[in-house]
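Below is one structure, written out as structure tokens, with a few remarks after it.
Whatever order the structure lists ligands and atoms in, that order sets their numbers, starting from 1.
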Amino acid sequence: MTGAGGQVGLALRDHLPAAEYLSHAELDVTDADAVREALGGADLVVHAAAMTNVDGCELDPGRAEAVNAGGAANVASAGARVIHLSTDYVFSGAEPGEYAEDAPTGPLGAYGRSKLAGEQAVLGRPGNLVVRTSWVYGEGRNFIRSILAAERAGKALRVVDDQRGRPTWAGDVARAVAYLAGRADTGVVHVTGAGDPCTWADLAEVVVGHPVERITSEEFGAPAPRPRNSVLSLRRARGLGVPLADWRESVKRYLENER
Ligand SMILES: NC(=O)c1ccc[n+]([C@@H]2O[C@H](COP(=O)([O-])OP(=O)(O)OC[C@H]3O[C@@H](n4cnc5c(N)ncnc54)[C@H](OP(=O)(O)O)[C@@H]3O)[C@@H](O)[C@H]2O)c1
């Protein structure tokens, strides 16, 4: 797998222990020759390497394109079947309800645009599968750890309350990817935590156990725009028998290890 030092990469080791894990230091996916050499002999590649810093992508869209689109194209060209990790940010979030896999895309920013181009490169070859997920937390920098750190530092928690989605534990998406790795499904499938969607402020309150100050995206003022509705339909995943977990249960288990 690519991007093996990231949250999903680290979690996948528990589910596919025999696979080869290539971190950023071991394989830079923007290096087409290195990708061909490293992945040329593989039957299946889980491609999780990505520039995931959404605001960083907005500030350096050329780099985002090179890693998230160019990297995916290089991986797809290596010839193995690819399971490609992608994101709710390919959607604008302007539509109500849950986004199905075939809903029209319309990324708002550089991260989503570059990830969508990556999807297209991967889906341009037969046999490949795109797994879109959302709001991932695991072993790495993530929202839950930021909230816990702010709480420990005694800072007032002002949290965005106008973006809705479903948090996803890296271990849950890794388990789903391992399940899909043993099958031949193609196209796009959404895999997130299950259960009622929430806002970032709702999630923060689950994490700290007390009310937080709810603010708008404008008040927060991040450089990159974010979709207001990030809720992905899990209907196809359920139909395929993909194991899913209620996000509230997974957050609870994660917090037991973080405290
Ligand atoms: N995190 C989320 O909330 C989220 C939500 C939806 C979808 N996704 C998708 O899920 C996948 C995995 O995300 P994650 O949460 O595991 O992200 P992550 O923790 O940021 O891991 C991504 C990994 O990719 C590596 N990487 C960056 N540029 C690379 C390059 N040029 N060549 C090789 N590796 C490179 C990073 O290494 P460095 O740290 O050294 O740069 C990092 O180890 C990504 O495709 C992401 O787009 C994530």
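Taking the side chain as every heavy atom from C-beta outward, Asn128 and His84 never approach each other to under 4.5 Å.
For atom 47 (O) of ligand 1, the closest non-hydrogen atom of the protein is Tyr111 OH, 2.7 Å. When only non-hydrogen protein atoms are considered, atom 41 (O) of ligand 1 lies nearest to His24 ND1, 3.3 Å. Looking from atom 17 (O) of ligand 1 to the surrounding protein, the closest heavy atom is Thr52 CG2, 3.4 Å. The protein heavy-atom contact nearest to atom 22 (C) of ligand 1 is Ala50 O, 3.7 Å. Protein heavy atom closest to atom 19 (O) of ligand 1, with residue, atom name and distance, is Gln7 N, 2.9 Å.
Ligand 1 lies within reach of Asp28, whose nearest heavy atom is under 4.0 Å from it. Between Ala48 and ligand 1 there is a heavy-atom distance shorter than 4.0 Å. At a 4.0 Å cut-off, at least one heavy atom of Ser86 sits close enough to ligand 1 to count as contact.
The ligand atoms of ligand 1 that sit less than 4.0 angstrom from a heavy atom of Thr133 are 6 (C), 7 (C). Listed by number with element, the atoms of ligand 1 under 4.0 angstrom from any heavy atom of Val8 are 12 (C), 16 (O). Near Lys115, the atoms of ligand 1 lying under 4.0 angstrom from a non-hydrogen atom of the residue are 44 (C), 45 (O), 46 (C), 47 (O). Those atoms of ligand 1 that come under 4.0 Å of a heavy atom in Leu27, given as number and element, are 32 (N), 33 (C).
For ligand 1, one of its N or O atoms has an N or O atom of Gly6 under 3.5 Å away. Looking at ligand 1, you'll find an N or O of Val136 within less than 3.5 Å of one of its N or O atoms.
Counted within 6.0 Å of OH on Tyr21, heavy atoms from surrounding residues, nucleotides or ligands total more than 12; the atom is thus considered enclosed. For Glu37, the CD atom counts as loosely surrounded, since its 6.0 Å shell holds 12 or fewer non-hydrogen atoms of other residues, nucleotides or ligands.
Nearest residue to atom 23 (C) of ligand 1 from Gly3, Ala170, Gly140 is Gly3 (criterion: closest heavy atom). When the options Val29, Asn74, Thr87 are ranked by their closest heavy atom to atom 32 (N) of ligand 1, first place goes to Val29.
Checking atom 45 (O) of ligand 1 against the protein gives a heavy-atom contact under 4.0 Å.
Heavy atoms of Leu85 found under 4.0 angstrom from ligand 1 belong to the backbone as well as the side chain. Counting heavy atoms under 4.0 Å from ligand 1, residue Asn142 does not touch it at all.
Relative ring orientation between Tyr111 and Tyr89 is described as perpendicular, the plane-to-plane angle rising above 60° on a 0-90° scale split at 30° and 60°. Tyr254 and Tyr137 have perpendicular rings, their planes meeting at more than 60° on a 0 to 90° scale where under 30° would count as parallel.
Checked against side-chain hydrogen bond (donor to acceptor under 3.5 Å, both in side chains), Arg183 has the following partners two or more places apart in sequence or in another chain: Tyr179, Asp185.
Salt-bridge formation is not detected for the pair Glu101/Arg236: no Lys NZ or Arg NE/NH1/NH2 atom is positioned less than 4.0 Å from an Asp or Glu carboxylate oxygen. A salt bridge does not link Asp88 to Lys115: none of the charged side-chain nitrogens sits closer than 4.0 Å to a carboxylate oxygen. Salt bridge annotation for Glu249-Lys252: present, with a cationic side-chain nitrogen under 4.0 angstrom from a carboxylate oxygen.
Note on Phe143: it does not cluster hydrophobically with Leu85, by side-chain heavy-atom contacts below 4.5 Å among ILVMFWY residues.
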query = Going through the distances and angles, do Glu119 and Arg132 end up as a salt bridge (Lys or Arg N to Asp or Glu O under 4.0 Å)?
reply = CA-CA 10 Å; Glu119 286 189 1; Arg132 289 192 194 124; 2.7 Å; yes
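Each salt bridge (Lys or Arg N to Asp or Glu O under 4.0 Å) pair with one or both residues in residues 186-208, not counting sequence neighbours, appears once here: Asp202-Arg214, Glu205-Arg214.
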